[in-house]
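For reference, the structure discussed in these notes is given below.
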Amino acid sequence: MISWWKGAALALVAVAGLAAPRAAHATDIELFFPVPVDGALARNMSGLIKEFNDSHPDIKAIPVFTGSYDDTLLKTRAAIKAGKPPAAVIMSANFLTDLSIEREIAPMDDLIAKDGKTPEAFMGQFFPALLPNAVIDRKVYGVPFHNSTPLLYINADHFKEAGLDPDKPPRTWAELSDAARKLTKREGDRTTRWGLMMPSNYDYGGWILEALTMSNGGRYYNEEYGGEVYYDTPTMLGALTFWSDLVHKAKVHPAGEQKGPAVTGAFLAGQASMMIISTGSLTFIRDTAKFPFRVAFVPMNVRQAVPIGGASLVQPTGLSPEKRAAGWTLIQWLTSPEKSGWWSRATGYFAPNKAAYDLPEMKAFLEKNPDAKIAVDQLANAKPWFATYRTVPVRKAIEDELQAVLSGKRQPKEALAAAQKAADALMRPYVEDTALRLPGAE
């Protein structure tokens, strides 16, 4: 049986067609969108696109559910090759570097100029931490749509039961480890409640490991060049060893690969007292949890730092002028302060458009739900999201090793050496065509 959100997604085209009468020659466009986190994103997108169509009779936008972030990348590339690119895609922000290198997405500077703005002025409406994953080689390739950071979620009742103060969440790795030990429950050899869970499946695992590496003082990759990653380094070794120790030494975190939905499910069922997961799941947790909870910054070891997550709106190459213009109209509408704020309140992602937080409805929402402000506050410590040439396989090189370590099949040091070797091989063609392409070389 398909899950509810896939069922909702299948109904999107029919729902979008219920808009007001269209213009005689309306431009039909597609919007590819993923559902990367828990919640009602498919249903929310259905309503949003219906509203757009009702207010833009000269455009008919059709939302197309495309699965995960990785699935969306594959389906977008397939549509481009088939000569039928969508007019807009909600694309994982860390794929833009690779897509721009491969010339599969178009810069939007000319569209911005037609509106009488400079790229700097247009992008100035968004939080600065988001720009490195949207502006590449000084060109605007993406418009931030929904963004996230990892957050620490805690079960307040479990904290009180363990003699911990839920209003003083762990701030450091030492405090996180200590709290996890106190919160874990066992009956003989069986663990009935885990102190902490973090997702380690593909895409999520690399993001969480990046957060731990950053909070350990490290850099996951070269933010200025798409051909270098820093897997085999002391800062990542410390991060991966910390995660491994939580599993194999402290035994406060389950072994093996943990998928995002399973982590959330365990937290909601009271089988995990803490989790580190996306702020994009916040509304779902708030609406579903039967217990009081808190959210806090990701605990640090050397410094406070987290990666940006989420997605930007992009336009593939190969669009007709009419579809490109219609897609640009949709992109600007979706990223306006009003819609950015609405989407944030509906999903839990923070609104990338700064002006959204000046609106009365957002101020009222934050007063009622102060937990939604934590991700925004954490932006002061946010860094760019992992983005390289061949992002997905380069990311999977470290995620394969992460899962092997958490399953007890690899030690952290050998895992990182193997991941670095695999990533270097994957990026080698780009490196040879750029950094190693020297004057006078044959």
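Worth saying up front: this structure is predicted, and the values here are computed from it rather than measured.
- Separating the NE2 atom in His253 from the CG atom in Leu196 is a distance of 5.5 Å, to the nearest 0.5 Å.
- Under the side chain to side chain contact (heavy atoms under 4.5 Å, CB included) criterion, Arg186 pairs with Thr184, Thr191, Lys251, sequence neighbours left out.
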Let me see the working for Leu176 and Leu152 under side-chain contact (heavy atoms from CB on, under 4.5 Å), right down to the final yes or no. CA-CA 10 Å; Leu176 182 67; Leu152 173 66; 4.1 Å; yes
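- Using modelled atom types, one side-chain atom of Thr288 and one backbone atom of Phe284 make a donor-acceptor pair closer than 3.5 Å.
- For Asp98 and Arg395, the salt-bridge test fails: no basic side-chain N is under 4.0 Å from an acidic carboxylate O.
- Remark: side-chain polar atoms of Arg303 are paired, donor with acceptor, to backbone N or O of Met214 under 3.5 angstrom.
- Side chain to side chain, Ser273 and Arg193 meet the donor-acceptor criterion of an N or O pair below 3.5 Å.
- One N or O on the side chain of Ser344 and one on the backbone of Tyr349 form a donor-acceptor pair closer than 3.5 Å.
- Put simply, the side chain of Gln315 gets close to the backbone of Ala87: a donor and an acceptor are under 3.5 Å apart.
- Judged as a ring-ring contact (aromatic ring centres under 6.0 Å, His included), the pairs with a partner in residues 409-436 (not counting sequence neighbours) are, in order, Tyr225-Tyr430, Tyr389-Tyr430.
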Between Trp243 and Val405, is a side-chain contact (heavy atoms from CB on, under 4.5 Å) present by the stated rule, with each step listed? CA-CA 9 Å; Trp243 199 341; Val405 168; over 6 Å; no
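- Enclosure of atom CG in Asp137 is not indicated, since only 12 or fewer non-hydrogen atoms of other residues, nucleotides or ligands lie within 6.0 angstrom.
- For the atom pair OG1 (Thr72) and CZ (Arg77), the distance works out to 12.5 Å, reported to the nearest 0.5 Å.
- Taking both residues in full, the closest heavy atoms of Pro299 and Ile276 are given as CD-CD1, 4.4 Å, listed atom of the first, atom of the second, then distance.
- Taking 4.5 Å as the limit, some side-chain heavy atom of Ile398 sits within range of a side-chain heavy atom of Tyr220.
- Of the possible donor and acceptor atoms, one in the side chain of Asn369 sits under 3.5 Å from a partner among the backbone N and O of Phe365.
- For Ser92 (side chain) and Phe95 (main-chain N/O), no donor-acceptor pair under 3.5 Å exists by modelled atom type.
- Note that the CZ atom of Arg103 and the OG1 atom of Thr317 stand 10.5 Å from one another [nearest 0.5 Å].
- Here Thr241 contributes atom OG1 and Lys249 contributes atom NZ; the two are 8.0 Å apart, rounded to the nearest 0.5 Å.
- Ring geometry, Phe291 versus His158: the interplanar angle falls under 30°, so the pair is classed parallel (tilted spans 30 to 60°).
- Of all heavy-atom pairs spanning Leu366 and Lys373, the tightest one is CD2-N, 4.0 Å.
- The two atoms that bring Thr118 and Ile112 nearest to each other are O-CG2, 3.7 Å, heavy atoms only.
- A donor-acceptor pair under 3.5 Å is formed between the side chain of Glu210 and the backbone N or O of Phe386.
- Note on ring orientation: taking the six-membered ring where Trp is involved, the planes of Phe122 and Phe126 are perpendicular (angle over 60°, cut-offs 30° and 60°).
- Between Tyr69 and His146, the ring planes lie tilted relative to each other; the angle falls in the 30° to 60° range.
- Annotation for Gly206 and Glu399: closest pair N-OE2, 2.9 Å, computed over non-hydrogen atoms.
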Under the criterion side-chain contact (heavy atoms from CB on, under 4.5 Å), I'd like the reasoning laid out for Trp343 against Met45: C-alpha separation, chi angles, the key distance, then a yes or no. CA-CA 9 Å; Trp343 187 254; Met45 182 57 71; 3.8 Å; yes
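- Environment of CD in Glu432: crowded, with over 12 heavy atoms of neighbouring residues, nucleotides or ligands closer than 6.0 Å.
- Ser177 places no side-chain N or O within donor-acceptor distance of the main-chain N or O of Ala174, the cut-off being under 3.5 Å.
- Between Tyr231 and Tyr221, the ring center distance fails the sub-6.0 Å criterion.
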Before giving the answer on side-chain hydrogen bond (donor to acceptor under 3.5 Å, both in side chains), spell out for Gln420 and Asp232 the whole-Å C-alpha distance, their side-chain angles and the decisive distance to 0.1 Å. CA-CA 6 Å; Gln420 186 72 54; Asp232 195 7; over 6 Å; no
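- In plain terms, the two heavy atoms of Arg324 and Ala106 that are nearest each other are NH2-CB, 4.3 Å.
- Without hydrogens or angle criteria, Asn216 side chain to Asn301 main chain gives no donor-acceptor distance under 3.5 Å.
- With values rounded to the nearest 0.5 angstrom, Thr149 atom OG1 is found 9.5 Å from Ile374 atom CD1.
- Separation of atoms CG (Asn133) and CG (Asn147) is listed at 8.5 Å; rounding is to 0.5 Å.
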Quick one: do Tyr202 and Asp400 satisfy side-chain contact (heavy atoms from CB on, under 4.5 Å)? Show the steps, please. CA-CA 8 Å; Tyr202 288 129; Asp400 286 339; 2.3 Å; yes
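- Salt bridge absent: Arg428 and Asp424 never bring a charged side-chain N and a carboxylate O closer than 4.0 Å.
- A salt bridge (Lys or Arg N to Asp or Glu O under 4.0 Å) with Arg294 is found for one member of Asp157, Asp371, Asp167 and no other, namely Asp167.
- Applying the 6.0 Å contact sphere to NZ of Lys75 captures more than 12 heavy atoms from other residues, nucleotides or ligands.
- What you find for Ser278 and Ser148 is that their closest heavy atoms are OG-CB, 3.4 Å.
- Checking side-chain atoms of Trp385 against main-chain N and O of Leu130 turns up no donor-acceptor pair under 3.5 Å.
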